[in-house]
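Worksheet: one structure, shown below.
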Amino acid sequence: MKRYLLNGLAVLTMGLAITSCMKEIDSEQQEQQASLDNAQQALGFYIPDNQDWVMTSTATATFNVEGLSDTGATLYVFSNNPYSDGYGSVLASAPMTSTTTTISGFRIPQHYKSVYVGLKQSNGNMVYKYVDVENNQITANYDFSTPAQARTRASAAVEGDPFTFENTNSYYKTVADIPGNAKDINTTSNYDCIMSGKLVATSGMRSDVNLWQGPAVDIYINGNVTMPSSAYIYSANFYVLPGAVLTMDRQANYECAIYVSAGGTLNYNPSKLETNEIWENGQRKDVRSCIYNRGEVNFSTNFEANQDITVYNEGVMNAKNITSKPGDGHPSYFYNFGELNITGTLQLNSCANFYNEGTVTVGGLTECTQGNGQIWWINKGHYTTKQFKIQAWNGTYYNFCQLIVEEDAYLHDGQLNLMTGGYMEAASADCNNFQVNMKGNTGFNIKGDSYWGEQGDGTYQGFMATGENNYVRLGGTTTVASHRYSFQTTGKITIGFYNLVELGAGNSGVWPTVQLNENTTRVDFSELNPTYNSTDCGASWASNPSVETPVTENQTWTYAFEDNKTRCDFDMNDVVIQIRESESDASKLIVTLVAAGCEYDNYVWLGNTRLTWNGNAEVHNALGVAKGTMVNTGSRGVDADAVSTTIDKPVGFDFQNPGLKILPFHINADPEVESNAITGFIEIIKEGNPSGLAEAPLGIAIPDKWRWPLERINVTNAYTGFIGWGKQADLTLRAERGGWYQTPEEDYVYSK
């Protein structure tokens with residue numbers, strides 16, 4: 001009997017225990033339900049059972065690297081745009097071990113479709129790429145192989161160019177070259193002039209000269225001679241002798257060749273020079289008007305170098321405005337081997353061609369208006385212009401020496417070729433659908449602001465280099481439009497930016513707007529200073545400017561808590577903690593307390609360890625303010641500096657499932673007595689939500705430096721995408737909306 005009695009007592013005791021346990025479970029369930037009801041009412045949506053408030057997944061990155069022998073290289077995966085932010089937030093990193101290196105098992109935001117990766121060389125240079133994320137797999141390919149050199153043709157300035165170079169010595173005459181049978185143009189009848197074909201002029205030409213037919217006559221200018229506007233000359237070769245001056249008030253009507261010897265002067269007053277068609281027996285004669293100069297030529301009015309003409313300057317030429325506008329199929333050619341001074345504009349149209357091997361100064365604008373290989377501009381000398389303009393898909397501009405633009409360079413719809421030793425400088429630049437080709441030992445220097453516009457899809461915009469030692473220096477602010485690949489580099493380029501601004505920085509849908517590819521080295525801007533002079537070509541650069549090693553820091557996670565389970569306002573700022581792995585020691589965590597929008601005393605726990613900052617565990621004490629004061633949540637409280645502490649990283653620590661939690665108490669309640677707590681621990685819900693029940697987001701883990709809502713601002717108002725993410729039961733669709741935390745309503749979030 002005693003034995004049975006004992007068994008009965010045991011059963012009775014067990015029953016009482018079960019009843020007590022059931023009551024406790026009922027209490028927890030009631031609190032959980034009350035918390036859920038409060039959350040759903042405050043947030044404005046039903047929370048699905050499978051919502052675990054997770055925004056990340058586990059990823060793997062594979063790097064394939066060719067053409068690089070660097071045992072000190074390091075590979076990175078970033079969560080941000082390092083170009084626009086000025087630093088890289090590291091999701092994962094590892095040393096490069098071979099041509100293929102894999103990094104596995106790191107956290108990545110679920111909504112990412114692409115990410116920036118980086119390869120940091122041992123010299124500190126970082127080469128970024130923007131690559132796709134497919135099924136949590138990242139593959140990045142790097143190729144440091146050197147592109148082949150472009151071919152050139154020794155017999156011409158550039159392969160395919162239309163220029164021909166002449167031995168002009170026979171064109172320039174002296175007094176000794178005047179034929180003995182030459183007639184004085186002023187004392188001979190017009191008919192005899194035509195018939196003799198050899199004329200000499202030593203003083204002003206008579207006004208009734210009328211050479212109306214026949215082959216071109218040779219006219220030797222041996223004095224101060226004016227050809228009046230009333231004169232009519234069908235075609236002629238004018239030889240301006242040393243010491244002579246020819247002032248032309250009218251050009252020859254069909255063909256006019258003028259040769260100015262050294263010491264001679266031509267004052268050309270007609271508004272143009274062109275070749276009119278001459279037909280004989282139904283056939284067009286091959287004729288060409290031209291000016292060859294070893295003396296001085298002055299164009300007194302706006303001058304047009306039009307169809308089928310050649311201007312060949314080996315002396316000095318002075319002009320106001322020069323425009324070349326030949327008709328299609330009738331190209332004009334302007335060569336300068338001497339000194340060309342234009343106070344206004346040089347404009348090339350249609351199939352006009354310009355070659356310089358001397359010195360050119362343009363006081364206004366140099367521009368081309370048409371392209372498709374019709375206009376050739378080649379500079380092998382020193383060319384200075386106030387403004388410079390390439391447009392209309394022109395790609396046949398070649399600079400071998402110095403191009404100095406004193407104001408703006410307008411580079412639209414075309415290409416500029418910086419040939420070996422070439423240097424271009426401009427005060428500012430406006431670029432769109434434009435490519436600069438750099439052929440080795442070249443330099444491109446924009447001293448002030450530059451803008452790189454939205455280029456057409458498939459159009460390469462930026463710099464493409466072959467050969468060694470190509471330098472790009474971009475001063476002022478380099479602004480890159482919100483369009484993919486609006487600025488790129490390819491090949492061996494050393495580049496420095498004073499200030500780089502990406503207009504598409506906040507829109508991952510247009511990344512990458514900037515892409516500095518393999519073999520490009522970004523250096524300290526202050527050390528990239530070219531020097532040059534007016535006699536040598538090109539420019540000299542600092543031999544080894546310091547590499548601009550990019551700043552990197554490990555990914556920061558933000559943990560935001562509400563400290564009242566059943567009466568919370570969901571401004572998610574009662575306690576805000578940020579954690580990242582130490583950059584100097586992977587076994588350490590840097591834990592930063594950034595906000596305390598709570599009136600209760602709150603304590604933070606990581607696993608079984610209560611955290612302290614400067615010896616203070618309570619969050620208000622840690623931030624140096626009075627208890628009950630709201631900190632860093634807007635006008636209702638005070639601002640204070642965040643506080644950090646470094647702790648040992650727990651074994652198996654996972655940022656998504658950190659074991660981080662808070663425990664709230666009434667003000668000044670003894671935290672050593674757990675029963676004094678207002679409620680139990682408020683934790684980050686574990687990934688997968690093991691309970692399977694819908695739970696309120698009292699603590700959420702955000703994989704970023706998050707900007708929390710202001711006091712009493714519901715998270716759904718501060719982040720309008722929160723509702724669409726939080727109420728989504730389909731995990732795939734929820735992941736798509738997981739980037740809600742990156743688009744705040746600026747007036748509703750904290751910004752110190």
Side-chain angles (χ1 to χ4, degrees), residues 166-270 272-281 283-298 308-315 317:
E166 304 175 63
N167 183 342
T168 60
N169 290 331
S170 62
Y171 296 161
Y172 303 111
K173 307 297 184 181
T174 66
V175 173
D177 294 316
I178 300 176
N181 62 347
K183 297 182 180 297
D184 186 337
I185 194 170
N186 286 330
T187 61
T188 307
S189 70
N190 287 325
Y191 179 77
D192 289 339
C193 284
I194 295 171
M195 296 305 296
S196 70
K198 310 293 182 182
L199 305 170
V200 62
T202 58
S203 60
M205 194 178 299
R206 71 180 195 264
S207 61
D208 64 343
V209 170
N210 187 359
L211 308 182
W212 66 92
Q213 61 182 357
V217 295
D218 296 333
I219 304 176
Y220 296 82
I221 306 299
N222 188 25
N224 193 334
V225 176
T226 298
M227 176 182 169
S229 59
S230 59
Y232 182 97
I233 298 178
Y234 185 77
S235 61
N237 299 313
F238 292 89
Y239 298 98
V240 182
L241 307 182
V245 177
L246 171 61
T247 300
M248 297 189 71
D249 292 334
R250 178 174 179 171
Q251 72 169 104
N253 287 62
Y254 287 91
E255 180 185 3
C256 176
I258 307 172
Y259 306 96
V260 183
S261 299
T265 301
L266 169 65
N267 298 316
Y268 193 85
N269 295 330
K272 61 186 176 182
L273 178 67
E274 60 189 18
T275 301
N276 293 307
E277 293 184 346
I278 300 176
W279 292 78
E280 288 185 359
N281 301 320
Q283 298 293 320
R284 180 181 180 273
K285 294 181 64 177
D286 184 16
V287 297
R288 178 177 289 272
S289 294
C290 59
I291 296 176
Y292 283 71
N293 174 54
R294 277 188 181 169
E296 179 178 336
V297 174
N298 299 300
D308 295 315
I309 70 100
T310 298
V311 176
Y312 209 94
N313 179 46
E314 299 173 280
M317 279 189 171

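Along the sequence shown, residues are numbered consecutively beginning with 1. What you see is a predicted model, and the numbers here were worked out from it, not measured in a lab.
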Donor-acceptor under 3.5 Å ([X] side chain, [Y] main chain):
| X | Y | result |
| --- | --- | --- |
| Thr168 | Tyr171 | no |
| Arg250 | Ile233 | no |
| Tyr312 | Glu166 | yes |
| Thr247 | Asn267 | no |
| Asn186 | Gly204 | yes |
| Asn293 | Asn313 | no |

Write down the atom of [X], the atom of [Y], and the distance for their closest heavy-atom approach.
| X | Y | result |
| --- | --- | --- |
| Ala252 | Ala236 | CB-N, 4.5 Å |
| Val217 | Cys193 | CG1-O, 4.0 Å |
| Pro242 | Ser261 | CD-CB, 3.8 Å |
| Pro228 | Thr226 | CD-O, 3.3 Å |

Task: Aromatic ring proximity Tyr259/Tyr239, centre distance under 6.0 Å - done: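 Yes - the distance between ring centres of Tyr259 and Tyr239 falls below the 6.0 Å cut-off.
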Full working for side-chain contact (heavy atoms from CB on, under 4.5 Å) between Tyr234 and Ile194:
CA-CA 10 Å; Tyr234 185 77; Ile194 295 171; over 6 Å; no
Value rounded to 0.5 Å, distance of [atom1] in [X] from [atom2] in [Y]:
| X | Y | atom1 | atom2 | value |
| --- | --- | --- | --- | --- |
| Thr265 | Ile221 | OG1 | CD1 | 12.5 Å |
| Asp218 | Phe238 | CG | CZ | 10.5 Å |
| Met205 | Met227 | CE | CE | 6.0 Å |
| Asn210 | Asn190 | CG | CG | 5.5 Å |
| Leu266 | Asn298 | CG | CG | 8.0 Å |
| Lys198 | Thr188 | NZ | OG1 | 15.0 Å |

So among Ser289, Ser235, Cys290, which one has a side chain to side chain contact (heavy atoms under 4.5 Å, CB included) with Thr275?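 Checked Ser289, Ser235, Cys290 against Thr275; only one passes side chain to side chain contact (heavy atoms under 4.5 Å, CB included): Ser289.
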* Asked: Taking it one step at a time, do Cys256 and Leu273 satisfy side-chain contact (heavy atoms from CB on, under 4.5 Å)?
  -> CA-CA 8 Å; Cys256 176; Leu273 178 67; 4.3 Å; yes
Given the rule in the side-chain contact (heavy atoms from CB on, under 4.5 Å) test, do Leu241 and Ile178 qualify, once you have shown the distances and angles that lead to the verdict? CA-CA 10 Å; Leu241 307 182; Ile178 300 176; 3.6 Å; yes
Discussion item. Side chains of Leu199 and Leu211, heavy atoms from C-beta outward: is any pair under 4.5 Å?
Written reply: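 Contact flag for Leu199/Leu211 side chains = yes.
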Can Tyr172 and Asp177 be said to form a side-chain contact (heavy atoms from CB on, under 4.5 Å), step by step? CA-CA 9 Å; Tyr172 303 111; Asp177 294 316; over 6 Å; no
Item to complete: Might you confirm whether atom OH of Tyr191 has over 12 heavy atoms from other residues, nucleotides or ligands at distances under 6.0 Å?
Response: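 No, because the 6.0 Å sphere around OH of Tyr191 holds 12 heavy atoms or fewer from other groups.
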